[in-house]
Undergrad: 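Here it is, the structure, as structure tokens.
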Number of protein chains: 2
Amino acid sequence: MLHEQAFFNVLSDETRRRLLALILREGELCVCELFYALEASQPKVSRHLAVMREAGLLSVRREGTWVFYRLDARLPQWAADILGLMAQGGARVPLFQRDAQRLAVMPERPMTCCR
Amino acid sequence: MLHEQAFFNVLSDETRRRLLALILREGELCVCELFYALEASQPKVSRHLAVMREAGLLSVRREGTWVFYRLDARLPQWAADILGLMAQGGARVPLFQRDAQRLAVMPERPMTCCR
DNA sequence: CAACTATATGCATATCCATATATATACCAT
DNA sequence: ATGGTATATATATGGATATGCATATAGTTG
């Protein structure tokens, strides 16, 4: 379940906003794709994902050694709407696009054949 | 002008969300009304208002000794939309209503005659 | 000028939080 | 079992920030 204080805490960090924007755009991504796209360290990304999972924003699916994150389907409408506005509005869109572009050129992405 | 990092920083604090919800509801409020409604100290509220003013969310109008705060008219649409969703969605609405109720019973509010 | 009110700010402190590094866990293959 | 890959976590640390208390500023009135 979503905790409102935790929800807005999540949005206050730029790394988490970048991760959310990517996941929103792609639907589902694994940790390796996320920290590759952001050019960040694996522990850093993993920790931020844990924060968002515990806050109720993300849900997890394990497939072999890979762990895939997506938006939690139980997210209230108002929260999902805020995430959409966050990802599409304002001056930070270029940064998000840069992340998406880097993800697009990532070699050996998992599951790319089946999606 | 609005700084995006500062914008989401603003939303991560519950006191600031309460202040924003009240201002959104009433249009314009002075500092004394705000810290009365929230039952918070005057320096605390003044500090938070300064943060929001410097972030580009609020604009200020002075009238005698009173200082009135309102939403900055230059706020981008996506930011205003997020504020609206924040103020109306979810489990924190009762808290906001409590603040509004307390404001409604405040004695000797400034300018109540002309609004 | 002085006194009063409303608001802002300086300072000290405590707490939270993001990050780096290192290490642990989980899963798969051989 | 061993080795390899993907992910999570433990610990330490520096930095940001919310808050209380005291004080300063700005405006009004006498």
Undergrad: Any side-chain N or O of B:Tyr36 below 4.0 angstrom from OP1/OP2 of C:dT7?
TA: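 Indeed not, no polar side-chain atom of B:Tyr36 lies that close.
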
Undergrad: Under the rule for ring pair (Phe, Tyr, Trp, His ring centres under 6.0 Å), what residues qualify as partners of B:Phe8, not counting sequence neighbours?
TA: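 Once residues adjacent in sequence are excluded, B:Phe8 has no partner under the ring pair (Phe, Tyr, Trp, His ring centres under 6.0 Å) criterion.
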
Undergrad: Separation of B:Phe35 atom CZ from C:dA8 atom P, in whole Å?
TA: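 About 11 Å, once rounded to whole Å.
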
Undergrad: CD of A:Gln5 versus P of C:dT15: gap in Å, rounded?
TA: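 Taking CD of A:Gln5 and P of C:dT15, I get 18 Å after rounding.
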
Undergrad: Which side-chain N or O atoms in residues 46-57 of chain A pair as donor and acceptor under 3.5 Å with protein atoms at least two apart or in another chain?
TA:
| residue | atom | partner | partner atom | Å |
| --- | --- | --- | --- | --- |
| A:His48 | ND1 | A:Arg16 | NH1 | 3.2 |

Undergrad: For B:Leu49 and C:dA6, what is the distance between atoms CG and C1' respectively, to the nearest whole Å?
TA: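 One finds 13 Å between C1' of C:dA6 and CG of B:Leu49, rounded.
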
Undergrad: So, does A:Glu33 use its side chain to make a donor-acceptor pair with the main chain of A:Cys30 at under 3.5 Å?
TA: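 Present.
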
Undergrad: Kindly confirm or rule out a cation-pi arrangement of A:Arg61 over A:Tyr69, judged by NZ or CZ under 6.0 Å from the six-membered ring centre and within 45° of its axis?
TA: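 Output no; distance or angle outside limits.
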
Undergrad: Nearest whole Å is fine: how far is D:dT28 P from B:Trp66 CH2?
TA: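 Spelled out: CH2 on B:Trp66 to P on D:dT28 is 10 Å.
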
Undergrad: Does B:Arg98 CZ have over 12 foreign heavy atoms under 6.0 Å away?
TA: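 Atom CZ in B:Arg98 is not packed in, count stays at 12 or less.
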
Undergrad: Is a donor from one side chain sitting under 3.5 angstrom from an acceptor on the other, for A:Gln5 and B:Arg17?
TA: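 Yes, because at least one side-chain N or O of A:Gln5 sits under 3.5 Å from a partner of the opposite role on B:Arg17.
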
Undergrad: Could you run down nucleotides 17-28 of chain C 5' to 3' and tag each one B, S or - for protein heavy-atom contact under 4.0 Å?
TA: SSBSBB----BS

Undergrad: Nearest whole Å is fine: how far is D:dT7 P from A:Leu34 CG?
TA: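 In whole Å, D:dT7 P lies 9 Å from A:Leu34 CG.
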
